[in-house]
There are 2 protein chains.
Amino acid sequence: MQKRPPRQPLSQQQVIDLLDSHGVQPTMQRQEIAQVLFARDQHLSADDVLKQVNQDSARVSKATVYNTLGLFAAKGLIREVIVDPSRVFYDPNTCEHHHFYNVDTGELMDIDADQLALMNLPTLPAGTVADGVDVIIRIRNQASA
Amino acid sequence: MQKRPPRQPLSQQQVIDLLDSHGVQPTMQRQEIAQVLFARDQHLSADDVLKQVNQDSARVSKATVYNTLGLFAAKGLIREVIVDPSRVFYDPNTCEHHHFYNVDTGELMDIDADQLALMNLPTLPAGTVADGVDVIIRIRNQASA
DNA sequence: GGGTGACGTAGACTTTGTCTAAAAACTCGA
DNA sequence: TCGAGTTTTTAGACAAAGTCTACGTCACCC
C-alpha cells in the first residue's frame with residue numbers, strides 16, 4: 001500500500017523517479033505507458049493504453065504494452081481490476097479501495113476504503129496467505145431491464 | 001436469494017422442477033447441463049461444463065452450453081463469478097456468499113455470508129440500482145514467491 | 001570490436017466467447 | 001393429423017483479448 005499518487009500529468013522526471021522507486025528500469029516505452037496511466041484518475045484496459053500511447057505517432061507494440069502492464073502490476077505501481085469477463089482494467093490508484101461497476105455502461109468507479117468496511121475477515125485456508133481483497137458492487141442504470 | 005439447493009445428484013424430476021420453477025423450459029440439453037452444474041458444490045467454467053456434458057456421448061453443442069449458462073444466470077439459477085481474467089466461473093450456489101480465489105492454483109472456494117460482514121454500504125451513484133456485491137479474497141500458496 | 005543481458009517488436013497463435021443461418025423440435029388450433 | 005409459427009439447437013465462421021516465439025536493437029563492459 002502506498003500514498004495516493006498525484007493526478008496531474010507527471011513530469012518526465014517524476015515518472016522516472018516513480019519507476020525507479022519501484023525497481024523498474026525507466027525505458028522510453030515504460031515512461032510513455034506510465035504517463036498515460038498516471039495522467040488522470042482513470043481505469044484503462046490494455047487496449048486503451050495501447051491506443052493512447054500510439055495516438056500521436058509514438059509507437060509502442062502490443063507485446064510491450066501487455067508486458068509492461070504486467071510488470072507494473074507485479075511491482076505494485078498499478079493494480080489489476082477484474083470485473084468484466086472480456087478485459088482487465090488497470091487502476092493507477094493502489095491505495096486500499098473498492099469499486100462500483102456499472103454493468104450497463106462498463107463504467108468503473110472508485111469507492112474509498114473508509115466508505116466500506118469489512119468485518120470478520122474469515123480465516124484463510126491452511127498453507128495460504130492473503131494477496132488482496134476486492135469488493136465489487138455491481139450496479140445497473142435505473143431505467144434498464 | 002434462495003435456499004441453498006441440495007448437492008447430491010438430482011433426479012430428473014428434480015431437475016425439471018428446478019428449471020420450471022425458474023421459468024426455464026426444461027429441454028433435454030438444459031437438463032443435462034443442469035445435472036452437471038448441480039451434481040456437486042463446484043465452480044465450473046463453460047468449458048468444464050461442455051466437456052462434462054459430452055463425455056459420455058451425449059452431445060450438446062458449444063453454442064448451447066454458452067446460451068444455457070447465460071440463461072441460467074439471467075434466471076437466477078446460477079451465478080457468474082468473475083475472478084480470473086481468462087474465463088468465467090459458474091456457481092450453483094446462489095445464496096449470498098463470497099469467495100476465496102487461489103491465484104496459484106486457480107481454485108475457487110466459498111465463504112459463507114455470515115463469515116464476512118460488510119459495513120456502511122456506500123450510497124450508489126445517482127440513477128443506478130445495486131445488482132450484487134462480490135467480495136473476492138485473493139490468496140497465494142505460502143511457499144510461492 | 002565482440003560478448004552479454006535486458007528490452008522491444010511483428011506477427012503468428014491460442015483461448016474464450018459470440019454470431020449467423022439453417023435445421024430440428026415443440027405448440028396449438030382446426 | 002396437418003401445418004404455421006415459435007422456440008431451441010447446431011456447426012462452423014468469426015471476433016477480441018492476450019500470449020508466445022524468434023529475432024532485432026541497444027547499452028554496457030571487457
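So you know, we letter chains A, B, ... as the sequences are listed, proteins then strands, and number each from 1.
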Inset, instruction - By nearest nucleotide on DNA chain D, pick out whichever of B:Gln25 and B:Lys62 is the more 5' one. - result: B:Gln25
Legend entry - A:Arg87 CZ to D:dT19 P, straight-line distance once rounded to whole Å: 16 Å
Inset, instruction - Would you mind reading off the distance between B:Lys75 atom NZ and D:dT8 atom C1', rounded to a whole angstrom? - result: 14 Å
Inset, instruction - Could you tell me whether the phosphate oxygens of D:dT9, OP1 or OP2, come under 4.0 Å of any side-chain nitrogen or oxygen in B:Thr27? - result: yes
Inset, instruction - Round to a whole Å and report the spacing from CZ of A:Phe72 to P of C:dC7. - result: 12 Å
Legend entry - Nucleotide of D:dA13, D:dT9, D:dG18 approaching B:Gln29 most closely (side-chain heavy atoms): D:dT9
Inset, instruction - Determine: side-chain N/O of B:Ser61 to OP1/OP2 of D:dT10, distance under 4.0 Å, yes or no. - result: yes
Inset, instruction - Could you tell me the separation between the OH atom of B:Tyr66 and the C1' atom of C:dT15, rounded to a whole number of Å? - result: 8 Å
Legend entry - Rounded distance (Å) that lies between atom C1' of D:dT10 and atom CD1 of B:Ile33: 13 Å
Legend entry - Minimum side-chain heavy-atom gap B:Ile137-A:Pro122 below 4.5 Å: yes
Legend entry - Test item: A:Asp91 side-chain N/O and A:His43 main-chain N/O as donor-acceptor pair under 3.5 Å: no
Inset, instruction - Return yes if some donor-acceptor pair links the side-chain N/O of B:Arg138 with the main-chain N/O of B:Val83 below 3.5 Å, else return no. - result: yes
Inset, instruction - Output yes when a side-chain donor or acceptor of B:Thr68 lies under 3.5 Å from a complementary backbone atom of B:Val65, and no otherwise. - result: no
Legend entry - A:Asp48 (side chain) donor-acceptor with A:Ser45 (main chain) under 3.5 angstrom: yes
Legend entry - Short side-chain N/O contact from B:Arg59 to OP1 or OP2 of D:dA11, under 4.0 Å: no
Legend entry - Rounded distance in Å - CG (A:Asn67) to C1' (C:dG11): 15 Å
Inset, instruction - Name the residue closer to the 5' end of DNA chain C, choosing between B:Ser86 and B:Ala63 according to the nucleotide with the nearest heavy atom. - result: B:Ser86
Inset, instruction - Return the value, rounded to whole Å, for the distance between atom CG of A:Leu50 and atom P of D:dG18. - result: 11 Å
Inset, instruction - Specify the separation, in whole Å, of atom CE of B:Met28 and atom C1' of D:dT8. - result: 14 Å
